K.L.:
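Got a structure for you, written out below as structure tokens; questions coming shortly.
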Amino acid sequence: MKKIMLLGSGELGKEFVISAKRLGLTVVAVDKYKDAPAMQVSDAYYIVNMLDKKSLDKVIAKEKPDIIVPEIEAIRTEALLYWEKKGIQISPCAKAVDLTMNRDKIRDFAAKKVKVRTANYLYANSYEEFVINAKRIGFPNVVKPVMSSSGKGQSIVRKSSDLKAAWKFAVTGMRGDKEKVIIEEFIQFESEITLLTIRQKNKKTLFVEPIGHRQEKGDYRESWIPAKIAKPHLAKAKLMAKKITDALGGYGIFGVEFFLTKNEVIFSELSPRPHDTGMVTLISQDLNEFDLHLRAILGIPIRPIKYYGPSSSVAILGTKKGKVKSISGLQNALSIQETDVRVFGKKETWPNRRMAVALARGKNTETAVKIAKNAAQKIKIRI
Ligand SMILES: Nc1ncnc2c1ncn2[C@@H]1O[C@H](COP(=O)(O)OP(=O)(O)OP(=O)(O)O)[C@@H](O)[C@H]1O
Ligand SMILES: [Mg+2]
């Protein structure tokens with residue numbers, strides 16, 4: 001049986017491990033802290049600083065996995081490029097993981113190499129350069145550290161006097177030690193979608209129905225399926241997603257994010273792995289995004305997906321900082337028709353930390369979101 005090493009053991013990793021265990025694979029979960037969600041269901045686990053090549057090399061050399069599945073961005077990708085050359089399969093491939101580790105590489109790749117429409121953007125490596133380039137992009141604009149995820153360090157700059165605070169916020173919210181931000185034109189979008197795109201070995205690229213989502217502070221709050229999108233826009237998004245994922249290569253699922261304006265489809269960013277907004281697939285269909293990722297990685301041909309109707313997922317967030325004593329309200333939440341809940345099992349909580357997700361189906365996506373929100377409100381995290 002094949003052995004998978006999962007790099008990053010959060011809630012998405014946990015569901016991936018469950019999918020892998022269902023097919024009888026061995027999974028070794030890795031993260032920088034103990035009791036991470038995926039470690040609770042894996043065969044073995046390691047606590048490793050994945051930004052350190054030596055530590056990463058050591059655990060890979062010891063475990064000799066057949067496949068390495070990255071679940072997070074903060075990984076020393078040189079290690080993956082090295083082990084791929086040595087014959088370990090990296091999902092989807094080391095190049096895709098390397099290019100998406102930081103925002104600048106994937107943005108330049110999409111805008112300049114693949115030439116898809118993105119928001120106009122410039123970078124800044126110092127506060128002085130930031131002030132000049134933010135003015136060149138114009139106001140409002142969106143500032144993000146090139147090394148960050150889940151909205152960390154991200155803010156909207158509406159006027160010159162916001163610049164100082166935005167720079168400070170970006171520099172404190174970033175990962176790594178190189179101060180670099182991206183300044184993006186603010187897109188006044190009507191909606192945004194994630195298009196889960198699956199690259200398969202010797203088979204054609206597949207797409208999950210588009211997922212709509214709402215973000216707050218750069219992090220997702222609700223997602224639903226199917227998103228409302230005009231047919232020509234969906235066709236365009238599929239074409240763009242295929243172009244980018246073909247240029248990246250490898251096998252697996254990609255979460256490709258787009259902004260939709262009245263007349264345009266604008267590429268935003270992409271994850272070479274399951275996407276947080278894709279947790280809605282845990283209730284909307286028979287093959288969820290984790291099953292799809294696994295099958296594509298293993299080279300198992302993917303049969304047509306069966307959809308169960310309009311569905312939604314609502315993130316349940318921590319409100320206070322502390323050790324989790326109990327999570328209550330499951331009886332009430334799960335008594336509601338067509339709902340489900342996933343509790344991630346995180347031992348510590350803090351404001352806005354994603355702790356669980358409520359899932360629901362409804363007669364349309366608006367109803368599904370309403371039902372999931374209602375279920376989410378019944379779940380209480382006690383510290
Ligand atoms: N240029 C932009 N114009 C308007 N809104 C934007 C822009 N860039 C980002 N946003 C908003 O912020 C959200 C998060 O941005 P982005 O996906 O780039 O950050 P992230 O930190 O990678 O988030 P995640 O890890 O949750 O995907 C977007 O989904 C969108 O709602
Ligand atoms: Mg995003």
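Each ligand, and each atom within it, is numbered from 1 in the order the structure gives. Values in this document were obtained by computation on a predicted structure and should not be read as measured data.
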K.L.:
Checking R214 against Y220: charged group under 6.0 Å from the ring centre and within 45 degrees of the axis?
P.N.:
no
K.L.:
Determine, considering heavy atoms only, which of K144, K217, R214, E192 sits nearest to atom 8 (N) of ligand 1.
P.N.:
K144
K.L.:
Hey, looking at atom 20 (P) of ligand 1, which of H275, E185, R103, E184 has the closest heavy atom?
P.N.:
R103
K.L.:
Do K168 and Y127 meet the cation-pi criteria used here (NZ or CZ under 6.0 Å from the six-membered ring centre, within 45° of the axis)?
P.N.:
no
K.L.:
Is there any N or O on E269 that sits under 3.5 Å from an N or O of ligand 1?
P.N.:
yes
K.L.:
Test E338 against every option in K363, R361, K370 by the salt bridge (Lys or Arg N to Asp or Glu O under 4.0 Å) rule and name the one that passes.
P.N.:
R361
K.L.:
For ligand 1, note which part of F189 has a heavy atom under 4.0 Å away: side chain, backbone, both or neither.
P.N.:
side chain
K.L.:
Do S335 and N332 have side-chain atoms, one donor and one acceptor, less than 3.5 Å apart?
P.N.:
no
K.L.:
I'd like the atom name of the N/O/S atom in E269 lying closest to the Mg ion (ligand 2).
P.N.:
OE2
K.L.:
Where is the nearest protein heavy atom to atom 23 (O) of ligand 1: which residue, which atom, and how far?
P.N.:
G218 O, 3.5 Å
K.L.:
In this structure, does ligand 1 have an atom that sits under 4.0 Å from one of the heavy atoms of Y121?
P.N.:
no
K.L.:
Judged by modelled atom types alone, do R103 and S148 share a side-chain donor-acceptor pair under 3.5 Å?
P.N.:
yes
K.L.:
Could an N or O of ligand 1 be found under 3.5 Å from any N or O of A119, whether backbone or side chain?
P.N.:
no
K.L.:
Start with the C-alpha gap between S223 and S313, add the side-chain angles, then the distance that decides, and say whether side-chain hydrogen bond (donor to acceptor under 3.5 Å, both in side chains) holds.
P.N.:
CA-CA 5 Å; S223 68; S313 83; 2.8 Å; yes
K.L.:
For Y121 and R107, what are the C-alpha separation, side-chain angles and deciding distance, and is it a side-chain contact (heavy atoms from CB on, under 4.5 Å)?
P.N.:
CA-CA 9 Å; Y121 65 95; R107 177 52 67 92; 3.4 Å; yes
K.L.:
Is any side-chain heavy atom of I88 closer than 4.5 Å to one of I60?
P.N.:
yes
K.L.:
Measure Q188 to ligand 1 on non-hydrogen atoms and call it side chain, backbone, both or neither using the 4.0 Å cut-off.
P.N.:
neither
K.L.:
Rounded to the nearest 0.5 Å, what separation is found between the OG atom of S9 and the OH atom of Y46?
P.N.:
12.5 Å
K.L.:
With heavy-atom distances below 4.5 Å as the criterion, would you say the side chains of L260 and V265 are in contact?
P.N.:
yes
K.L.:
Can you find an N/O atom of F186 closer than 3.5 Å to an N/O atom of ligand 1?
P.N.:
no
K.L.:
Of all the atoms in ligand 1, which lie at a distance below 4.0 Å from a heavy atom belonging to G151?
P.N.:
20 (P), 21 (O), 23 (O)
K.L.:
For atom 25 (O) of ligand 1, what's the nearest protein heavy-atom neighbour? Residue, atom name and distance, please.
P.N.:
S150 N, 2.8 Å
K.L.:
Name the closest protein heavy atom to atom 7 (C) of ligand 1, giving the residue it belongs to and the distance to 0.1 Å.
P.N.:
F259 CZ, 3.5 Å
K.L.:
Is V142 touching ligand 1 with its side chain, its backbone, both, or neither, if touching means heavy atoms under 4.0 Å apart?
P.N.:
side chain
K.L.:
For atom 3 (N) of ligand 1, what's the nearest protein heavy-atom neighbour? Residue, atom name and distance, please.
P.N.:
I187 N, 2.9 Å
K.L.:
Please round to the nearest 0.5 Å and tell me the distance separating atom OG1 of T281 and atom CD1 of I211.
P.N.:
6.0 Å
K.L.:
Tell me the nearest of Q154, R107, Q215 to atom 12 (O) of ligand 1, using heavy-atom distances.
P.N.:
Q154
K.L.:
Going by distance only, is there an N or O of E257 that falls short of 3.5 Å from an N or O of ligand 1?
P.N.:
yes
